[in-house]
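Written out below as structure tokens is the structure these notes cover.
Quick caveat, the model's predicted, so the values are computed rather than measured.
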Amino acid sequence: MQYKNHLIKIAFVMVLLSGCSDQKTADPSDISLDGLDSVEREEVNFMMPTRIVSDGEDAYLADSSSGLIYRFDLDKKQAEVNCNDPTCGHTDETCSAYTEAGINSVRREGDQIYAYGTYHIYKIGKNEKEEVAEGNYGEAYEKVIFGDYIAYPKDGDIIVENFREGEEVQRFEDIVPYTQGNFYYGGALWYITEDLDLVRLDIKSGEASTIEETGVTRACVYKGAVYYIQVDQQSSAGENTLVRYTHEDQNKTPVAENVFYYNFKNDSIYYITWPERDFCCCGFNGNNAKVLIEKANPIVWSFPEYDNLLISFSDYYTYYIYDIETNMVDYDHPFKMEQVMGQ
């Protein structure tokens, strides 16, 4: 009898183990990255890299304090909560604008907008919301969505997970990211670490390589090249150089000096200088630099299908269109989020 009970216990343990084996990490060679680089990752904001994105028609903003998604109609120059129900209080999951308290990221993949926080991933459209995944993705901002995958920091590592299957497919150990510069490009994740190193994490091979050591901030990708700011930490003035890096030939080219924040539109670079905080622009190679607005210190968003720029100054809840042809800010038609926050 004792022998029979012993066999039953062994069988029970084997069942448990077989169940656990289903949760093993998937083979990274099965990851499909086809077509992901077709998205022009042009929309970058370097104060908080994932706060506003566009689907090609409207811009969407995630407000972490309220958990709400706001929509900017760029043509009509109107800001609205992403909900068209006049009776809605925008306080729970039944609302198409409400996600979760502390929502901290929106990203674009193809023509689709994703919003995600600690526990949920939502697909966002005009007055629409669909939950596509639920998990524990951490509270940090440094999450990256690419295709059906999400990368997020956890316990000192970077986890890559198929969020539709809930399956871990890759893990990069001892990578603790910094907030200003993380994205997918060319089969790899690119992160700025807490030590201010720029690292490339090859998703299929699992290899991590350091592209630039120390003093790196505000990285992005634009038209086949990676850009980042290299801070001279030996200089008391903290001189900032915008650098272009092409991975194929591992070439690094200084583009512009004294750059604080920056973005791209039509092969021009729009940037804020340091320490003057002037709003400037220059050519793709740093040529023909000029001051647009002195001591303006705006934050700049650029959307691939939209001709102009979206900017904000010191007010988190107010945004403006900057016309790149006239070099004028449209102060008469602000996007003011506080107009709809009390609905």
Side-chain angles (χ1 to χ4, degrees), residues 39-84 90 95-99 103-117 121-130 141 143-145 180 183 220-222 261-266 268 270 272 279 298-326 328-341 343:
V39 177
E40 183 63 83
R41 285 163 171 79
E42 186 179 350
E43 40 198 358
V44 180
N45 161 29
F46 299 99
M47 176 62 74
M48 193 171 293
T50 54
R51 199 168 78 202
I52 304 178
V53 293
S54 170
D55 63 356
E57 295 182 5
D58 299 318
Y60 293 85
L61 179 148
D63 179 36
S64 60
S65 62
S66 65
L68 293 177
I69 302 297
Y70 289 82
R71 181 172 51 83
F72 295 169
D73 187 316
L74 299 175
D75 291 326
K76 294 181 180 179
K77 300 180 181 179
Q78 295 176 349
E80 300 174 339
V81 169
N82 193 43
C83 173
N84 60 355
H90 313 309
C95 173
S96 61
Y98 184 82
T99 53
I103 190 77
N104 52 25
S105 298
V106 284
R107 292 274 188 177
R108 173 178 175 174
E109 277 299 327
D111 292 329
Q112 186 58 62
I113 302 297
Y114 290 95
Y116 44 103
I121 301 175
Y122 300 93
K123 191 161 62 173
I124 301 296
K126 184 174 182 179
N127 300 318
E128 295 179 346
K129 176 193 70 178
E130 175 191 351
Y141 285 89
K143 305 180 185 76
V144 178
I145 276 186
Q180 295 183 346
F183 52 90
C220 76
V221 60
Y222 180 75
Y261 300 132
Y262 66 99
N263 218 319
F264 302 91
K265 174 58 67 178
N266 300 337
S268 292
Y270 291 83
I272 291 84
F279 181 38
I299 304 169
V300 180
W301 289 264
S302 174
F303 308 125
E305 296 89 351
Y306 189 62
D307 292 336
N308 296 311
L309 301 173
L310 183 70
I311 67 174
S312 70
F313 297 99
S314 58
D315 184 356
Y316 173 88
Y317 293 105
T318 305
Y319 302 81
Y320 304 93
I321 296 298
Y322 179 82
D323 190 311
I324 63 174
E325 294 295 329
T326 64
M328 299 290 291
V329 178
D330 187 356
Y331 291 108
D332 294 331
H333 301 92
F335 297 92
K336 296 183 72 68
M337 289 169 57
E338 59 261 37
Q339 292 177 339
V340 292
M341 289 185 67
Q343 292 186 4

Do [X] side-chain atoms and [Y] backbone N/O form a donor-acceptor pair below 3.5 Å?
{"X": "R108", "Y": "S54", "value": "yes"}
{"X": "S302", "Y": "N263", "value": "no"}
{"X": "Q112", "Y": "I124", "value": "yes"}
{"X": "N82", "Y": "N127", "value": "yes"}

With a 4.5 Å heavy-atom cut-off, do [X] and [Y] have their side chains touching?
{"X": "I69", "Y": "V106", "result": "yes"}
{"X": "D73", "Y": "F335", "result": "no"}
{"X": "S312", "Y": "T318", "result": "no"}
{"X": "Y122", "Y": "K129", "result": "yes"}
{"X": "Y320", "Y": "F313", "result": "yes"}
{"X": "F264", "Y": "C220", "result": "yes"}
{"X": "I121", "Y": "I145", "result": "yes"}
{"X": "Y98", "Y": "V81", "result": "no"}

Problem set entry | Stepwise side chain to side chain contact (heavy atoms under 4.5 Å, CB included) test for I103 and D63 | CA-CA 7 Å; I103 190 77; D63 179 36; 5.9 Å; no
For this session: State which residues pass side chain to side chain donor-acceptor pair (under 3.5 Å) with D330; sequence neighbours excluded, sorted by chain then number.
Result: K77, H333
For this session: For the pair S96 and E128, evaluate side chain to side chain contact (heavy atoms under 4.5 Å, CB included) and give the outcome as yes or no after the intermediate values.
Result: CA-CA 5 Å; S96 61; E128 295 179 346; 5.6 Å; no
For this session: Please name all residues satisfying ring-ring contact (aromatic ring centres under 6.0 Å, His included) with Y306, sequence neighbours left out, ordered by chain then number.
Result: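 Y306 satisfies ring-ring contact (aromatic ring centres under 6.0 Å, His included) with no residue once adjacent residues are dropped.
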Exercise. How far apart are the C-alpha atoms of L74 and F303, what are their side-chain angles, what is the distance that settles it, and do they pass the side chain to side chain contact (heavy atoms under 4.5 Å, CB included) test?
Worked result: CA-CA 11 Å; L74 299 175; F303 308 125; 4.0 Å; yes
Seminar exercise, completed: Residues E305 and G56: closest non-hydrogen pair is OE1-CA, 3.4 Å
For this session: Decide yes or no on side chain to side chain contact (heavy atoms under 4.5 Å, CB included) for V329 and I311, but give the supporting numbers first.
Result: CA-CA 9 Å; V329 178; I311 67 174; 3.8 Å; yes
Exercise. Are more than 12 heavy atoms from other residues, nucleotides or ligands located less than 6.0 Å from atom CD of E57?
Worked result: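 Not buried by this count: 12 neighbours or fewer within 6.0 Å.
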Exercise. Should the pair Y319 and F72 be assigned to parallel (<30°), tilted (30 to 60°) or perpendicular (>60°) ring geometry?
Worked result: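 Y319 vs F72 ring planes: tilted.
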Problem set entry | E325/K265 salt bridge by N-O under 4.0 Å criterion | no
Exercise. When you check the side-chain N and O atoms of S268 and N266, is any donor under 3.5 Å from an acceptor?
Worked result: no
Problem set entry | ring-ring contact (aromatic ring centres under 6.0 Å, His included) assessment of F279 paired with Y322 | CA-CA 11 Å; F279 181 38; Y322 179 82; 5.2 Å; yes
